[in-house]
Q: 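My questions will all concern the structure given below.
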Amino acid sequence: MASPLCGWTGRVLHVDLSTGEAAVFHPSPRVYARLLGGRGVAGHYLRAHCTLDWDDPDLPLCFFTGPLTGTAAPASSRGVLLTRSPLTSAVSDCSVGGGLAVRLKRAGWDGLIVTGKSDVPCGIEIADDDVRVVETGLWGETTDAVFDRLSGPGTSVAAVGPAAENGSPLASVVVDRFHAALRGGPGLAWAARRLKYVSVRGTGAVRVRDEGALAAACEAIRRLAAASPVLMGRHGFASRGTGALYDLMDSRRMMPTDNFRATRFSAAPRLNAEAYRRAYRPEPFGCEGCHIRCKLRAADGRAIPDYDAMAHFSALIGNDDPELVMSATALCGRLGLDPISAASAMACRRELTGEPCDGRTVPLALHDMAHGGPLSGGSLDFAESCDRPELSMSVKGLDLPAYDPRGAYGMALAFAVNTRGGCHQHANPLSHEVLRKPVATDRFTFSGKARILKIAEDQNAAADSLGVCRLIFLAAGLEEYARAYTAVTGLEASGGELQALGERICYQERIMNSLNGFGDCEDDLPPRFFSEPGASGGGVEMPPLDREAFLAARARYYRVRGLDESGRPTPETAGRLDLELEP
């Protein structure tokens, strides 16, 4: 019998790799009402098992769509891959683009849960209701070889590469060749189960309650996006990709240069988005059904790197050759490596040993990481092996993205308190501290940032759970997406109500991290940012962060988030959010 739900399918696919059997779960309407989908419902299924080791066969690998995924709602092609990170041991969520989430939803599934461990390398093949676990001969192949073999019209493929198979916690899950779940080592979590790939073909449609109301909501969102210079302007993401940030970050003295020892890169004018446009003549593309199309493909078929990879394979490692940036990023994709963490490991080694990062050493280092060499464990592992852990620019073991926190204090706080480690995307303070959206804030103060971050984290958790790309929130807000949500599901909701659901989702992740021992000791930055200025050229320096002001801001964040003084969840807040502290 067809599900009476709209937006959701009411079905979750569970595949046990130990037996090769598939089962169907039917989440209760209350689960959807409390947690939406995506990141929220994935966390619901991880919660009871969250203290298991990352490679325990009973620990779920969760991939979930949202109620807007696969509908006409703008930028609603996202899914979330969530499990416990092999790199950090924290809860790790990765928002995934491409076509995977849309295909899974159109195949009739709100989510996929994988448990168990196969005796042989395998793949999961989903074609609507037909689900098979098949032995594969693709183990040992690059991700390109998998896509060449399995991709086709109407089919989305996610795969791991040699890095995962050889045990690197920097391993990613690559989706549809040009997209990926990058951070925290999700690829290693797949490979530990002997899972090489998941392919999905879906031929159904997502049921929508009110098509007319959805069209009206979509029109309002598209108008806001069209009016956004950051998204759709001549030099915005739709025409230049996220590499449009490159000049801006350098001019704001936030470029992560020489392993974050400096904040400006002298070669930046030769490595900006315009330089790539002239050299590679790229055309825009994007995720399934997204009108923003924030990615670029060069005339030779390679993807132009996103901003973080662009900055890390240039400024961070001291490289001024754009072709090396291109080739290194492409090689990361084929090997299944996170380019942020890969470049960070090289930058750490360069600082420790003086070994240059050039056209000879960078490819060798990437192959080293993908085949069990000294850098394969990442920057923190390598720095600890040299008795210099402070030279790993990471939080909770996850390397920082390409924004120097000395240049934006909200960013500094966001890095520290993010549940998955050194990442800004849960709160994205870049939006207001640099891009001035929705309003500009003073980037050189911690004042007010604790509450701003908490609100932004809740909003982005709701977005991840709806199945919406976070970038669209540089133009639209939860009020606009609440109208789309109501039109799709038939359930009345305001932006504030979705925000409240986002708060519950964030707190659920805080509870899981706390159960695994995370607290204020882990919510901190590398000591460099408190003790060293960042050289900016011309004798100018970016001052170090004030340690006492940072700790005071973190304490304020704990209060507004409803945590105790050690950054751990409290019974009072958990009760208010209808959550339990114990598994």
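In this text the structure is predicted, and so the values were computed from the model without any measurement.
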Q: Locate the shortest heavy-atom distance separating Arg270 from Asp320; write the atom from each residue and the value.
A: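 Arg270 and Asp320 have their closest heavy atoms at NH2-OD2, 3.4 Å.
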Q: With a 4.0 Å cut-off, would you call Arg277 and Glu274 a salt bridge?
A: yes
Q: Verify side chain to side chain donor-acceptor pair (under 3.5 Å) between Tyr246 and Ser314, making sure each step is shown before the conclusion.
A: CA-CA 11 Å; Tyr246 197 91; Ser314 60; 2.8 Å; yes
Q: Consider only side-chain N and O atoms of Asp399 and Ser341, and report whether a donor and an acceptor are under 3.5 Å apart.
A: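 Yes.
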Q: Taking only residues two or more places apart in sequence or in another chain, which ones pass side chain to side chain donor-acceptor pair (under 3.5 Å) with Thr441?
A: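 With sequence neighbours excluded, Thr441 shows a side chain to side chain donor-acceptor pair (under 3.5 Å) to His432, given in chain and number order.
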Q: Can you sort out the partners of Asp306 under side chain to side chain contact (heavy atoms under 4.5 Å, CB included), two or more places apart, ordered by chain and number?
A: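 For Asp306 the side chain to side chain contact (heavy atoms under 4.5 Å, CB included) partners, ignoring immediate neighbours, are Thr242, Lys295.
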Q: Give a yes or no on whether Glu355 atom CD has more than 12 heavy-atom contacts from other residues, nucleotides or ligands under 6.0 Å away.
A: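 Yes, because the 6.0 Å sphere around CD of Glu355 holds more than 12 heavy atoms from other groups.
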Q: Identify, with sequence neighbours excluded, every residue that meets ring-ring contact (aromatic ring centres under 6.0 Å, His included) alongside Phe64.
A: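 Checked Phe64 against ring-ring contact (aromatic ring centres under 6.0 Å, His included); matches are Tyr45.
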Q: For the side chain of Ser172 and the backbone of Val174, is there at least one donor-acceptor N/O pair under 3.5 Å apart?
A: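 Looks like no, no N/O pair under 3.5 Å.
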Q: Looking at side-chain heavy atoms only, is the closest gap between Leu170 and Ser376 below 4.5 Å?
A: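 Result no, sub-4.5 Å side-chain heavy-atom pair not found.
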Q: For His426 and Asn418, which I'm curious about, is there any donor-acceptor pair between the side chains at under 3.5 Å?
A: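 Distance-only check passes for His426 and Asn418.
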Q: Under the side chain to side chain contact (heavy atoms under 4.5 Å, CB included) test, which residues partner Ala181, sequence neighbours left out?
A: Leu81, Cys94, Val96, Val173, Pro186
Q: List the residues meeting side chain to side chain donor-acceptor pair (under 3.5 Å) with Glu219, not counting sequence neighbours, and say none if there are none.
A: Arg223
Q: Would you say Leu435 and Leu474 make side-chain contact, with heavy atoms under 4.5 Å?
A: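 Touching, per the 4.5 Å side-chain cut-off.
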Q: Would a distance-only check, ignoring hydrogens and angles, find a side-chain to backbone donor-acceptor pair under 3.5 Å from Asp404 to Met255?
A: no
Q: Decide yes or no on side chain to side chain contact (heavy atoms under 4.5 Å, CB included) for Thr83 and Trp190, but give the supporting numbers first.
A: CA-CA 10 Å; Thr83 191; Trp190 279 36; over 6 Å; no
Q: With no hydrogens and no angle check, is any side-chain donor or acceptor of Thr361 less than 3.5 Å from a backbone partner on Asp358?
A: yes
Q: Shortest non-hydrogen contact from Ala342 to Met369?
A: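 Here Ala342 and Met369 meet closest at O-CE, 3.1 Å.
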Q: Kindly write out the residues that satisfy ring-ring contact (aromatic ring centres under 6.0 Å, His included) with Phe446, not counting sequence neighbours, or none if the list is empty.
A: Tyr409
Q: So which of Arg183, Arg39, Arg78 actually passes side-chain hydrogen bond (donor to acceptor under 3.5 Å, both in side chains) with Ser95?
A: Arg78
Q: Minimum heavy-atom separation for Gly98 and Cys287, please, with both atom names.
A: N-SG, 3.3 Å
Q: For Phe260, check ring-ring contact (aromatic ring centres under 6.0 Å, His included) against everything at least two apart and list the hits.
A: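 For Phe260 the ring-ring contact (aromatic ring centres under 6.0 Å, His included) partners, ignoring immediate neighbours, are Phe529.
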Q: Do Ser239 side-chain atoms and Gly236 backbone N/O form a donor-acceptor pair below 3.5 Å?
A: yes
Q: Show the nearest heavy-atom pair for residues Asp176 and Phe147, with the distance to one decimal.
A: N-CE2, 3.6 Å
Q: List in chain and number order the residues that pass side chain to side chain contact (heavy atoms under 4.5 Å, CB included) with Ala402, two or more places apart in sequence or in another chain; answer none if no residue qualifies.
A: Pro256, Tyr307, Asp308, Ala311, His312
Q: If you look only at pairs with a residue in residues 365-374, which of them pass as a side-chain hydrogen bond (donor to acceptor under 3.5 Å, both in side chains), with sequence neighbours excluded?
A: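 For residues 365-374: none.
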Q: Any sub-3.5 Å donor-acceptor pair from Thr143's side-chain atoms to Gly333's backbone N or O?
A: yes
Q: Should the pair Arg177-Asp148 be classified as a salt bridge under the 4.0 Å nitrogen-to-oxygen rule?
A: yes
Q: For residues 333-360, pull every pair meeting ring pair (Phe, Tyr, Trp, His ring centres under 6.0 Å), keeping only residues two or more places apart or in separate chains.
A: none
Q: Within the structure provided, determine whether Ser379 and Phe382 are in side-chain contact (heavy-atom separation under 4.5 Å).
A: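 No, too far: nothing below the 4.5 Å cut-off.
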Q: Apply side chain to side chain contact (heavy atoms under 4.5 Å, CB included) to Arg388 and list each qualifying residue two or more places apart in sequence or on a separate chain.
A: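 Arg388: side chain to side chain contact (heavy atoms under 4.5 Å, CB included) contacts with Leu352, Glu390, Leu391.
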Q: Taking atom CZ as the centre, does Arg302 end up with more than 12 heavy-atom neighbours from other residues, nucleotides or ligands that are less than 6.0 angstrom away?
A: yes
Q: Step by step, would you call Glu433 with Tyr403 a side chain to side chain donor-acceptor pair (under 3.5 Å)?
A: CA-CA 12 Å; Glu433 289 190 311; Tyr403 309 91; over 6 Å; no
Q: Do Val362 and Ile317 touch side chain to side chain, with heavy atoms closer than 4.5 Å?
A: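 They are in contact (side-chain heavy atoms under 4.5 Å apart), so the answer is yes.
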Q: Is there side-chain contact between Asn166 and Pro162, with heavy atoms separated by less than 4.5 Å?
A: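 Counting from C-beta outward, Asn166 and Pro162 do come under 4.5 Å.
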Q: Looking at Arg281, I'd like to know if its CZ atom is crowded, meaning that more than 12 non-hydrogen atoms belonging to other residues, nucleotides or ligands lie closer than 6.0 Å.
A: no
Q: Once salt bridge (charged side-chain N to carboxylate O under 4.0 Å, His left out) is applied, what residue pairs with a partner in residues 527-536 remain, sequence neighbours excluded?
A: Glu351-Arg528, Arg528-Glu532
Q: Give me the one residue out of Val175, Val198, Leu104 that meets side chain to side chain contact (heavy atoms under 4.5 Å, CB included) with Ser156.
A: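 With Ser156 as partner, side chain to side chain contact (heavy atoms under 4.5 Å, CB included) holds for just one option, Val175.
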Q: Should Lys396 and Asp523 count as an ion pair when the cut-off is N to O under 4.0 Å?
A: yes
Q: Hey, what do you get for OG1 (Thr257) to CZ (Arg261), rounding to the nearest 0.5 Å?
A: 10.5 Å
Q: For the side chain of Ser465 and the backbone of Ala461, is there at least one donor-acceptor N/O pair under 3.5 Å apart?
A: yes
Q: Should Arg470 and Asp93 count as an ion pair when the cut-off is N to O under 4.0 Å?
A: yes
Q: Is a donor on one side and an acceptor on the other found under 3.5 Å between the side chain of Asp247 and the backbone of Asn272?
A: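 Absent.
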Q: If only side-chain N and O atoms count, and only distance matters, is there a donor-acceptor pair under 3.5 Å linking Ser92 with Ser85?
A: no
Q: Atom NE2 of His424 and atom CG of Leu453: how far apart are they, to the nearest 0.5 Å?
A: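 Reported to 0.5 Å precision, the distance equals 12.0 Å.
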Q: Taking C-beta and beyond as the side chain, do Phe313 and Ser327 meet within less than 4.5 Å on heavy atoms?
A: no
Q: Can Glu509 and Arg420 be counted as an ion pair, charged N to O under 4.0 angstrom?
A: no
Q: Which heavy atom of Tyr197 sits nearest to which heavy atom of Val146, and what is that distance?
A: CB-CG1, 4.2 Å
Q: Keeping Thr65 on the side-chain end and Ala101 on the backbone end, is there a donor-acceptor pair under 3.5 Å?
A: no
Q: Do Val160 and Leu188 touch side chain to side chain, with heavy atoms closer than 4.5 Å?
A: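 No, every pair of side-chain atoms sits at 4.5 Å or beyond.
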Q: Check whether Asp250 reaches the backbone of Arg264 with its side chain - one donor and one acceptor, N or O, closer than 3.5 Å.
A: no
Q: Tell me, do Pro282 and Arg297 make a side-chain contact under 4.5 Å, heavy atoms counted?
A: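 The answer is no; the side chains never approach within 4.5 Å.
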Q: Checking the side chain of Thr155 only, and the main-chain atoms of Ser151 only, is there a donor and an acceptor separated by less than 3.5 Å?
A: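 Not a single qualifying donor-acceptor pair exists.
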